[in-house]
Participant: 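First, the structure itself, so that you have it in front of you.
Computed over heavy atoms, backbone and side chain alike; hydrogens, waters and symmetry mates excluded. Residue numbers start from 1 in every chain, and the chains themselves are labelled A, B, ... in the order their sequence lines are given, proteins ahead of strands.
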Amino acid sequence: MHIKTKLEEILPAVIKELFDVDVDEKTVLIQKTRKEFEGDFTVVIFPFTKILKKSPEDIGKKLGEVLVEKVKEVESFNVIKGFLNLTLKAEYWLEFFVDHHSDIYFGCNEPLAEKPVVVEFSSPNTNKPLHLGHIRNNLLGDSVSRILEAYGHNVKKVNLVNDRGIHICKSMLAWLKWGKGASPESTGKKGDQLVGDFYVLFEQEYRKQISELVDSGKTKEQAEKDAQLIIEAREMLKKWENGDDEVVKVWKMMNEWVYEGFDVTYNRMGISFDKIYHESQTYLLGREIVEQGVQRNVFYRKPDGGVWADLSKEGLDDKLLLRPDGTSVYITQDIGTAELRYEDFDPSKMIYVVGNEQNYHFDVLKKLLKKLDKPYSDSVFHLSYGMVELPEGKMKSREGTVVDADDLMDLMEKTAEEITEELGKTEGMTGEQKQDLYKKVGLGALKYFILKVDPKKNMVFNPNESIDFNGHTAPFILYTYARIHSVLRKAPNDKLLPLKKTISPEKLAVKEKELLKLLHDYPAMVHESAKDLNPAVIANYVYELAKEFNQFYHDHSILNEPDNEISEFRIRLASFTGIVVRSAMGLLGIDVVDRM
RNA sequence: GGUUCCGUAGCUCAACUGGAUAGAGCAACGGCCUUCUAAGCCGUAGGUUGAAGGUUCGAGUCCUUCCGGAAUCACCA
């Protein structure tokens, strides 16, 4: 049992015995002792003072005495103000070390026998290439999936591709009008980039038409509706929903281009899915469910034919579910996909990694599912994350400030290469090894930079300055790992085998104990990040760990330590740290490197 | 206008979910390589946590008001 839970459980009993008063387990608060004080764990005494009507110092002292006596792991205590600081015996930390130091799965749990957890992320539109915003989404979804899996959940990663709708029609229309048959083969462009170019072209021409109409006296609003291009796009959407051969043919072809492009980008990011849904295949089911809802009087139809949900009882406005012409809207297909997902996986939880701009949408979705009495309405969870902004504000495609995912990864790799070369780190490496290193360092830096921020917060990203390779970054952590491996490479083979016995307790140095304490925390960190669906917990933890190791490494010799017993211990301590660094970085989707 | 979220060092982020003197990195300044990788280590400086009230033994964290910013309230997705 974890020592912290042990203390939490024993404290109410101790208080009962000492003062004959019952305290709620919830009032027992135990935290790690802050570095500036002596001790390993701290019991906060204040909550008891009211019930016990004694001074915090008094209570702390009495509790400390009993804990030292009754809990064999506790060596000593001190009381400062209302805080009881407990110091554990060195044996406790060393025992922990012996038990776990060679366990490459340390911190991860056996799979739980339970229904799967479905994580939906990425969910791109097929009219444009992926950009910085998608990167955060993809990295979050991927990392959360890894964390949940490590915690023991049965995770299914799914992607819902928005492959239908007016946005695709815009790209298609522009291609038909001005494309002159251009294809990825004929232009040498990535398919998603090519299709994105036509989307931009459409928007440009559309805007021209709008301003012409405004000049001729129309309001902006009216002009946006009346422009020839948008009318044609809408007609195309209708044709598509009616299965028009010509339109469907172009649609299939252009989507195929996009998928090929996306695959390259996903691959590069190290992201994969267990199942890919296409909106074009789910929206009909959504439409069907909505129609059933109308029959059951859950929803209602207006005279013009549009179908609506009355959400006034839920405190929201009415919501359109089907347009008067029968075509479906965004939320219609989301109802369909939820149903399909339920049928496919019978999940205990459906997590949707979607930006916080859609908080309202998911509110509505949950309420609609509830109205429909869907058994899974409570298992829908919106993992809402904040926007990525540039120093000058939001990314705007019209102003060309959108940071393209492929370009950004190029930039990261190039920067990694420059810095590595500058530091002269590539001696003796083959060209292939170098490329692999640049890729891992550059991509790792990008992933870490994004994942270290609390998902729910907005973040600022400056492509030219944000990415450092020093300090609180992935390269710093990777460097620590490479250092560890450099030591391990030089250690004699027989000194890499697991230890059954370790140094005597009095030999344990402060930095070694601090490192052990951090390693000891890892399972709790996995638990916390899984509970909160927050990779930043892991990111910040592994940074602390790397920092602590670097201090240890600086202060103590590992291989050159004259005391053989200590040297052997330190080799395994380094290797244990390496195992946890690798594991934690793995949860962030970041590959470590042995040399850099 | 309604609703929701955010505001912490010059910049980018933490703060164990209400606990000790608010911590890191970057940028600035000063030290440390003849020794296991200096992408490192050590130090200096930097704060009225947007403002004012309130609740509490205790507030960056909870409540109220105000200021500033963002998202959303689509027959876009």
Participant: For B/A38, does either OP1 or OP2 sit under 4.0 Å from a side-chain N or O belonging to A/R483?
Facilitator: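 So the side-chain polar atoms of A/R483 do come within 4.0 Å of the phosphate oxygens OP1 or OP2 of B/A38, strictly under.
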Participant: By the 4.0 Å heavy-atom rule, please label A/L29 as base, sugar-phosphate, or nothing.
Facilitator: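 If one applies the 4.0 Å heavy-atom cut-off, A/L29 turns out to touch a base.
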Participant: What does A/T42 touch in the nucleic acid at a heavy-atom separation under 4.0 angstrom: a base, only the sugar-phosphate, or nothing?
Facilitator: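 It contacts base atoms.
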Participant: Does A/M459 reach a base, just sugar-phosphate, or nothing at all? Heavy atoms under 4.0 Å.
Facilitator: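 Sugar-phosphate: the residue A/M459, judged by heavy atoms under 4.0 Å, touches backbone atoms but no base.
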Participant: If you look at every strand shown and take non-hydrogen atoms under 4.0 Å, does A/S557 touch a base, only sugar-phosphate, or nothing?
Facilitator: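 A/S557: base contact, heavy atoms under 4.0 Å.
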Participant: Does the ring of A/F83 meet both stacking tests against the six-membered base ring of B/G19: centre distance under 5.5 Å and plane angle under 30°?
Facilitator: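 Here the ring of A/F83 and the base of B/G19 are not stacked, as the 5.5 Å and 30° limits are not both satisfied.
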Participant: Are any of A/N470's side-chain N or O atoms less than 4.0 Å away from OP1 or OP2 of B/G40?
Facilitator: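 For A/N470, the contact criterion (side-chain N or O under 4.0 Å from OP1 or OP2 of B/G40) is met.
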Participant: Could you say whether A/F552 or A/I80 is positioned toward the 5' end of RNA chain B, judged by the nucleotide with the nearest heavy atom to each?
Facilitator: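 The answer here is A/I80.
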Participant: Have a look at A/D454 and say if it touches a base, only the backbone sugar-phosphate, or nothing, with a 4.0 Å heavy-atom cut-off.
Facilitator: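 Contact class for A/D454: sugar-phosphate only.
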Participant: Under 4.0 Å between a side-chain N or O of A/K50 and OP1 or OP2 of B/C57?
Facilitator: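 Yes, because at least one side-chain N or O of A/K50 sits under 4.0 Å from OP1 or OP2 of B/C57.
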Participant: Can you identify which nucleotide, out of B/A20, B/C76, B/A39, has its nearest atom closest to the A/R323 side chain?
Facilitator: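 For A/R323, the side-chain atoms sit closest to B/C76.
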Participant: Centre of A/Y385's six-membered ring, under 6.0 Å away, within 45 degrees of the axis: is that where NZ or CZ of A/R136 sits?
Facilitator: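 Output no; distance or angle outside limits.
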Participant: Among the nucleotides B/U12, B/G19, B/A14, which one has an atom lying closest to any side-chain atom of A/V453?
Facilitator: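 For the A/V453 side chain, the nearest candidate turns out to be B/A14.
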Participant: With centres under 5.5 Å and planes under 30°, do A/F46 and B/G19 count as stacked?
Facilitator: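 Yes, aromatic ring over the base.
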Participant: For B/C32, give its Watson-Crick or G-U wobble partner with both distances under 3.5 Å, or none.
Facilitator: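 Pair assignment: B/C32 / B/G40.
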Participant: Calculate the interatomic distance between A/N255 atom CG and B/A77 atom P; express it in whole Å.
Facilitator: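 For the pair A/N255 CG and B/A77 P, the rounded distance is 15 Å.
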Participant: Would you say A/R34 and A/T42 make side-chain contact, with heavy atoms under 4.5 Å?
Facilitator: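 A/R34 does not reach A/T42 side chain to side chain.
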Participant: Considering only B/A77, B/U37, B/C76, which nucleotide approaches the side chain of A/N125 most closely?
Facilitator: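 Taking heavy atoms from C-beta onward, the closest nucleotide is B/A77.
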Participant: Tell me whether the centres of the aromatic rings in A/Y479 and A/F469 are closer together than 6.0 Å.
Facilitator: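 Ring centres of A/F469 and A/Y479 not closer than 6.0 Å.
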Participant: Which residue, A/S486 or A/V460, contacts RNA chain B at a nucleotide closer to its 5' end, judged by nearest heavy atom?
Facilitator: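 First, find each residue's nearest nucleotide; the 5'-ward one identifies A/V460.
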Participant: Find the distance A/E36:CD to B/G19:C1' and express it as a whole number of Å.
Facilitator: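 Roughly 13 Å, once rounded to whole Å.
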Participant: Is there a side-chain polar atom (N or O) of A/K425 under 4.0 Å from OP1 or OP2 of B/A39?
Facilitator: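 Checking B/A39 against A/K425, a side-chain N or O does come within under 4.0 Å of OP1 or OP2.
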Participant: Students often get this wrong, so: under 4.0 angstrom with heavy atoms, is A/Q358 touching a base, only sugar-phosphate, or nothing?
Facilitator: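 Contact class for A/Q358: base.
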Participant: Could you classify B/U17 for me, syn or anti, using a glycosidic angle within 90° of 0 as syn?
Facilitator: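 What B/U17 shows is a syn base, its glycosidic angle lying within 90° of 0.
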Participant: Salt bridge between A/D436 and A/K440, side-chain N to carboxylate O under 4.0 Å?
Facilitator: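 Yes.
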Participant: Can you identify which nucleotide, out of B/U37, B/C41, B/A71, has its nearest atom closest to the A/R489 side chain?
Facilitator: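 The listed nucleotide nearest to A/R489's side chain is B/U37.
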Participant: Measuring from atom CD of A/E120 to atom CG of A/L160, what distance do you get when rounded to the nearest 0.5 angstrom?
Facilitator: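 So the gap between those two atoms works out to 5.0 Å.
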Participant: Between the side chain of A/N458 and the main-chain N/O of A/G386, is any donor-acceptor distance below 3.5 Å?
Facilitator: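 No.
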Participant: Look through every strand shown and name the nucleotide pairing with B/A70 as Watson-Crick or G-U wobble, where both distances are under 3.5 Å.
Facilitator: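 Its partner is B/U4 (Watson-Crick or G-U wobble, both distances under 3.5 Å).
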Participant: Measure from the side chain of A/F449, starting at C-beta and using heavy atoms only, and say which of B/C26, B/U12, B/U56 lies closest.
Facilitator: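 Among the listed nucleotides, the one closest to the side chain of A/F449 is B/U12.
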Participant: So what does A/D163 touch, heavy atoms closer than 4.0 Å: a base, only the sugar-phosphate, or nothing?
Facilitator: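 No contact at all - A/D163 keeps every heavy atom at 4.0 Å or more from the nucleic acid.
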Participant: Please classify the nucleic acid contact of A/D318 as base, sugar-phosphate, or nothing, using heavy-atom distances under 4.0 Å.
Facilitator: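 If one applies the 4.0 Å heavy-atom cut-off, A/D318 turns out to touch nothing in the nucleic acid.
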Participant: Any luck finding a side-chain donor-acceptor pair between A/S171 and A/N127 under 3.5 Å?
Facilitator: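 Absent: no donor and acceptor within the cut-off.
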Participant: Ignoring hydrogens and angles, does a donor from either the side chain of A/T480 or the base of B/A39 sit under 3.5 Å from an acceptor on the other?
Facilitator: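 Answer no: no donor N or O sits under 3.5 Å from an acceptor.
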Participant: Is a donor-acceptor contact shorter than 3.5 angstrom present between the side chain of A/N540 and the base of B/A15?
Facilitator: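 Flag unset: no donor-acceptor pair detected.
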Participant: Between B/A77 and A/Y330, is there an OP1 or OP2 to side-chain N/O distance shorter than 4.0 Å?
Facilitator: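 No, no such contact exists.
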Participant: Would you say the ring centers of A/F476 and A/H472 fall short of 6.0 Å from each other?
Facilitator: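 No, the ring of A/F476 stays outside the 6.0 Å limit from the ring of A/H472, centre to centre.
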Participant: May I ask you to say what A/P324 touches in the nucleic acid, namely base, sugar-phosphate or nothing, with a heavy-atom cut-off under 4.0 Å?
Facilitator: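 The residue A/P324 makes base contact.
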Participant: As a test of reading the structure: which of B/C76, B/A20, B/G25 is closest to the side chain of A/H472, going by heavy atoms?
Facilitator: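 The closest nucleotide is B/G25.
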Participant: Could you measure between the two P atoms, the one in B/A51 and the one in B/A45, and give it in whole Å?
Facilitator: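 One P to the other, the span is 24 Å.
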Participant: Check the distance between B/A39's P and A/L423's CG and give it to me in whole angstrom.
Facilitator: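 Roughly 5 Å, once rounded to whole Å.
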Participant: Hey, does A/P391 reach any base, or is it just sugar-phosphate, or nothing, if we go heavy atoms under 4.0 Å?
Facilitator: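 No contact at all - A/P391 keeps every heavy atom at 4.0 Å or more from the nucleic acid.
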Participant: Answer yes or no: does a side-chain N or O of A/K319 lie under 4.0 Å from OP1 or OP2 of B/C73?
Facilitator: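 Checking B/C73 against A/K319, no side-chain N or O comes under 4.0 Å of OP1 or OP2.
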Participant: What does B/U64 pair with, Watson-Crick or G-U, if both distances are under 3.5 Å?
Facilitator: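 Checking every strand shown, B/U64 finds its partner in B/A52, with both distances under 3.5 Å.
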Participant: What about A/F46 and A/F83, are their ring centers closer than 6.0 Å?
Facilitator: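 They qualify: ring centres under 6.0 Å apart.
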Participant: Just how far, in rounded Å, is P of B/C26 from OH of A/Y448?
Facilitator: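 To the nearest whole Å, that distance equals 13 Å.
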Participant: I need the CG-C1' distance between A/N458 and B/A71, as an integer number of Å.
Facilitator: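 About 8 Å, once rounded to whole Å.
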Participant: If you check the A/E389 side chain, which of B/C41, B/C16, B/A70 turns out closest?
Facilitator: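 Of the options given, the side chain of A/E389 lies nearest B/A70.
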Participant: Rounded to whole Å, how long is the line connecting atom CZ of A/R34 with atom P of B/A20?
Facilitator: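 About 5 Å, once rounded to whole Å.
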Participant: Please determine whether a side-chain nitrogen of the Lys or Arg among A/E57 and A/K61 lies less than 4.0 Å from a carboxylate oxygen of the Asp or Glu.
Facilitator: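 No, A/E57 and A/K61 are not salt-bridged.
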Participant: Would you indicate what A/I558 reaches in the nucleic acid, counting non-hydrogen atoms under 4.0 angstrom: base, sugar-phosphate, or nothing?
Facilitator: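 Base contact - A/I558 has a heavy atom under 4.0 Å of at least one base atom.
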Participant: Provide the Watson-Crick or G-U wobble partner of B/A15, both distances under 3.5 Å; none if there is no partner.
Facilitator: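 Pairing partner, where one exists within any strand: none, as none qualifies.
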Participant: Return the pairing partner of B/C26 with a 3.5 Å limit on both distances, Watson-Crick or G-U wobble; otherwise return none.
Facilitator: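 In the structure as shown, B/C26 has B/G10 as its Watson-Crick or wobble partner.
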Participant: Which nucleotide, in any strand shown, forms a Watson-Crick or G-U wobble pair with B/G47, with both distances under 3.5 Å?
Facilitator: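 Here B/G47 is not engaged in any pair, so there is no nucleotide opposite it.
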Participant: For B/C33, does the O4'-C1'-N9-C4 or O4'-C1'-N1-C2 angle fall within 90° of 0, making it syn, or is it anti?
Facilitator: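 Nucleotide B/C33 adopts syn.
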Participant: Ignoring backbone atoms, establish whether A/K81 has a side-chain N or O less than 4.0 Å from OP1 or OP2 of B/G58.
Facilitator: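 No, A/K81 has no side-chain N/O under 4.0 Å of OP1/OP2 on B/G58.
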Participant: In whole angstrom, give the distance that lies between atom NE2 of A/H361 and atom P of B/C76.
Facilitator: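 From A/H361 NE2 to B/C76 P: 14 Å.
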Participant: Which one, B/U37, B/A77, B/A39, comes nearest to the side chain of A/R595?
Facilitator: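 Among B/U37, B/A77, B/A39, the one nearest the side chain of A/R595 is B/U37.
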Participant: Do the side chains of A/E291 and A/R301 get close enough for a salt bridge, i.e. N-O under 4.0 angstrom?
Facilitator: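 Yes, this pair counts.
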Participant: A/Y360 near the nucleic acid: base, sugar-phosphate alone, or nothing, with a heavy-atom cut-off under 4.0 Å?
Facilitator: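 Result for A/Y360 = sugar-phosphate.
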Participant: What's A/F476 touching, base or sugar-phosphate or nothing? Going by heavy atoms closer than 4.0 Å.
Facilitator: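 It contacts sugar-phosphate atoms only.
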Participant: Between A/K490 and B/U37, does any side-chain N or O lie under 4.0 Å from OP1 or OP2?
Facilitator: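 So the side-chain polar atoms of A/K490 do come within 4.0 Å of the phosphate oxygens OP1 or OP2 of B/U37, strictly under.
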Participant: Could you state the atom-to-atom distance from OH of A/Y553 to P of B/A39 in whole Å?
Facilitator: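 One finds 11 Å between P of B/A39 and OH of A/Y553, rounded.
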Participant: The side chain of A/L320 lies closest to which of these nucleotides: B/C75, B/C41, B/A39?
Facilitator: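 Of the candidates, B/C75 comes closest.
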Participant: Under 4.0 Å between any heavy atoms, over every strand shown, what does A/D521 touch: base, sugar-phosphate, or nothing? Just pick one.
Facilitator: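 Here A/D521 touches no strand at all.
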